[in-house]
Engineer: 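Okay, here's the structure, questions in a sec.
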Amino acid sequence: MAVFTIGTVMQLTDLTARQIRYYEEQELVHPKRTDTNRRMFSLNDVDRLLEVKDYLAEGLNITAIKRMYSTERLKRQQEEELENKQKNLTDEDVRRILYKEILNASGFNPGDSNKPWGR
DNA sequence: TTTCTCACA
DNA sequence: TGTGAGCA
């Protein structure tokens with residue numbers, strides 16, 4: 001699965017090696033390492049980097065993006081639990097909670113026009 | 001030649 | 001985030 005070197009990823013994402021390594025440090029991507037310590041990125045990693053690039057361009061900070069991916073895991077866990085128990089929160093409720101968390105993390109104003117999450 | 005880690009006028 | 005050093 002991991003087949004891209006950092007050089008290839010640089011071309012594919014238009015990010016600098018510095019940025020790519022930094023995002024890895026922030027655990028936004030998890031490239032494998034070769035026996036000689038070289039990073040090997042998967043298609044998913046490249047995809048993730050492109051996403052990160054977009055969010056960053058929209059003015060979000062790294063911590064907000066980090067929380068997004070962590071809260072998404074949380075969201076799936078909650079949805080699973082709810083399915084096995086009783087559905088108290090609707091999809092919209094979870095969405096609203098997630099959105100509020102992101103706003104909190106990014107320091108954005110609830111009046112902003114372009115939000116990738118809608119609402 | 002490319003990538004890696006570390007450190008900072 | 002950029003950049004240069006010294007390695008592998």
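Lettering of chains follows the sequences in order, A, B, ..., and the numbering in each one begins at 1. What you are looking at is a predicted structure, and each value in this text was computed from that prediction instead of being measured. As a basis for the values below, the full set of heavy atoms in this structure was taken, side chains included, without hydrogen atoms, waters or symmetry mates.
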Engineer: On DNA chain B, compare the nucleotides closest to A:Arg18 and A:Phe41; which residue's is nearer the 5' end?
Structural biologist: A:Phe41
Engineer: Side chains of A:Ile6 and A:Arg21: does their closest heavy-atom pair fall under 4.5 Å?
Structural biologist: yes
Engineer: What is the separation between atom CD on A:Glu25 and atom P on C:dG2, rounded to the nearest whole Å?
Structural biologist: 14 Å
Engineer: Atom CD1 in A:Ile65, atom NZ in A:Lys53: separation rounded to 0.5 Å?
Structural biologist: 13.0 Å
Engineer: We want to know whether A:Thr63 and A:Asn61 form a side-chain donor-acceptor pair, criterion being a heavy-atom distance below 3.5 angstrom.
Structural biologist: yes
Engineer: At less than 4.0 Å, is any side-chain N or O atom of A:Arg39 found next to OP1 or OP2 of B:dC4? Yes or no.
Structural biologist: yes
Engineer: Tell me whether the OP1 or OP2 atom of B:dT3 has a side-chain N or O from A:Thr5 closer than 4.0 Å.
Structural biologist: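 Yes, because at least one side-chain N or O of A:Thr5 sits under 4.0 Å from OP1 or OP2 of B:dT3.
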Engineer: Answer yes or no: does a side-chain N or O of A:Arg33 lie under 4.0 Å from OP1 or OP2 of B:dT5?
Structural biologist: yes
Engineer: Give me the atom names and distance for the closest heavy-atom approach of A:Ala2 to A:Met40.
Structural biologist: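 Nearest pair, atom of A:Ala2 first, then A:Met40: CB-O, 3.3 Å.
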Engineer: Only Watson-Crick and G-U wobble pairs with both distances less than 3.5 Å should count. Give DNA chain B in dot-bracket notation, marking inter-strand partners with |.
Structural biologist: .|.|||||.
Engineer: Do A:Val9 and A:Leu15 make a side-chain contact, defined as non-hydrogen atoms from C-beta onward lying under 4.5 Å apart?
Structural biologist: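 No. Closest side-chain heavy atoms not under 4.5 Å.
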Engineer: May I ask you to verify if any side-chain N or O of A:Tyr23 is less than 4.0 angstrom from the OP1 or OP2 atom of C:dT1?
Structural biologist: yes
Engineer: Quick one: which of A:Phe41, A:Tyr23, A:Tyr69 gives a side chain to side chain contact (heavy atoms under 4.5 Å, CB included) with A:Arg48?
Structural biologist: A:Tyr69
Engineer: Taking the nucleotide of DNA chain C with the closest heavy atom to each, which residue, A:Thr36 or A:Leu56, is nearer the 5' end?
Structural biologist: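 Nearer the 5' end of the strand: A:Leu56.
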Engineer: Ignoring backbone atoms, establish whether A:Arg21 has a side-chain N or O less than 4.0 Å from OP1 or OP2 of B:dC4.
Structural biologist: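 Affirmative; the distance criterion is met.
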Engineer: Can you check the A:Ile6 CD1 to B:dT2 P distance for me, whole Å?
Structural biologist: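 Atom CD1 in A:Ile6 sits about 13 Å away from atom P in B:dT2.
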